[in-house]
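These figures come from a predicted structure and were not determined experimentally.
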Amino acid sequence: MDAGYELQKACVQRMIANSAITALVGYRFYDHVPATATGRWTAQFPFIQIGPTTMVPDDADCIDGEEITIQFDVWSSGTSGEAYDSIEARKIANLVKRSLHRADIALADNALVSLEHVLTRQVGDPNPALHHFAVQFRALIETPGA
């Protein structure tokens, strides 16, 4: 199985198993955010979108591997009633970080060596009612040889 897909699936399953995350986003994890034919999102906020992933070879003597950067995008409409509307998205981003940073996640076909939080970045959006945080991780994975 593709190491990036397997990692993505396992990370989403881990976040769904985290009751603090699902208390805020429910089961709203999207690869492609539901939208109208004109592209307007129809998903209920807040939610987590599976962001970009990069995979580069990380082979060593007699070991095949990949270094994977995976990103999860947190989106909130700022309707939490908090003093600062971005607080809801910031809380969710922190929960994502804490749920996955250095997590010991078993993969069926590949072996996760490490999973480290790389950065959390608040991303501006043209719509001032939307709050977006990108949470990135770096994973090292041993893959089966050919």
Side-chain angles (χ1 to χ4, degrees), residues 1-35 39 41-80 82 84-146:
M1 177 181 289
D2 173 83
Y5 171 74
E6 190 174 19
L7 176 66
Q8 172 187 308
K9 183 177 174 184
C11 286
V12 170
Q13 288 172 343
R14 183 171 178 94
M15 287 187 283
I16 287 172
N18 184 319
S19 61
I21 293 175
T22 55
L24 293 167
V25 302
Y27 297 95
R28 293 184 301 276
F29 292 82
Y30 302 112
D31 205 1
H32 297 284
V33 181
W41 285 349
T42 58
Q44 177 185 341
F45 289 93
F47 60 83
I48 297 173
Q49 179 184 24
I50 299 161
T53 302
T54 59
M55 296 174 282
V56 295
D58 189 38
D59 299 337
D61 292 337
C62 301
I63 299 173
D64 292 335
E66 291 188 29
E67 179 180 321
I68 299 174
T69 302
I70 188 166
Q71 178 174 305
F72 296 97
D73 293 294
V74 174
W75 292 91
S76 171
S77 63
T79 58
S80 65
E82 300 278 356
Y84 300 97
D85 283 347
S86 67
I87 290 293
E88 181 178 62
R90 188 177 304 275
K91 283 180 182 177
I92 297 166
N94 185 53
L95 289 168
V96 169
K97 176 184 84 171
R98 291 174 41 163
S99 179
L100 298 177
H101 180 61
R102 296 186 179 158
D104 185 17
I105 298 174
L107 303 177
D109 296 331
N110 299 280
L112 179 64
V113 176
S114 65
L115 180 61
E116 302 282 331
H117 174 255
V118 176
L119 70 85
T120 299
R121 176 180 62 241
Q122 185 173 9
V123 182
D125 193 272
N127 182 342
L130 294 183
H131 304 285
H132 176 200
F133 282 78
V135 188
Q136 289 183 347
F137 298 87
R138 177 178 160 265
L140 298 177
I141 296 181
E142 287 184 21
T143 58

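Sorted by first and then second residue, the ring pair (Phe, Tyr, Trp, His ring centres under 6.0 Å) pairs involving residues 48-72 (not counting sequence neighbours) form an empty list. Sorted by first and then second residue, the salt bridge (charged side-chain N to carboxylate O under 4.0 Å, His left out) pairs with a member in residues 117-130 form an empty list; sequence neighbours excluded.
Remark: Y27 pairs with no residue by the ring-ring contact (aromatic ring centres under 6.0 Å, His included) rule, at least two apart or across chains. The side chain to side chain donor-acceptor pair (under 3.5 Å) check on Q71 picks up D73, Q136, with sequence neighbours excluded. With sequence neighbours left out, the side chain to side chain donor-acceptor pair (under 3.5 Å) criterion links D58 to no other residue. Looking at residues two or more places apart in sequence or on another chain, you find a side-chain contact (heavy atoms from CB on, under 4.5 Å) between E66 and A3, M55, I68, T143. Every side chain to side chain donor-acceptor pair (under 3.5 Å) that R138 has, sequence neighbours left out, goes to E67. By the side chain to side chain donor-acceptor pair (under 3.5 Å) test, R90 pairs with Q122, sequence neighbours left out. Scored by the side-chain contact (heavy atoms from CB on, under 4.5 Å) test, Y5 finds M1, D2, K9 as partners (sequence neighbours excluded).
Between F137 and the options T69, V96, L7, a side-chain contact (heavy atoms from CB on, under 4.5 Å) holds for only V96.
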Would you list the atom pairs, donor with acceptor, under 3.5 Å between side chains in residues 100-107 and any protein atom, with sequence neighbours excluded?
{"unit_1": "H101", "atom_1": "ND1", "unit_2": "H117", "atom_2": "N", "d": "2.9"}
{"unit_1": "R102", "atom_1": "NE", "unit_2": "E116", "atom_2": "OE1", "d": "3.2"}

N/O donor-acceptor pairs under 3.5 Å from side chains in residues 10-20, not counting sequence neighbours:
{"unit_1": "R14", "atom_1": "NE", "unit_2": "S99", "atom_2": "O", "d": "2.6"}
{"unit_1": "N18", "atom_1": "OD1", "unit_2": "A20", "atom_2": "N", "d": "3.0"}
{"unit_1": "N18", "atom_1": "OD1", "unit_2": "I21", "atom_2": "N", "d": "3.3"}

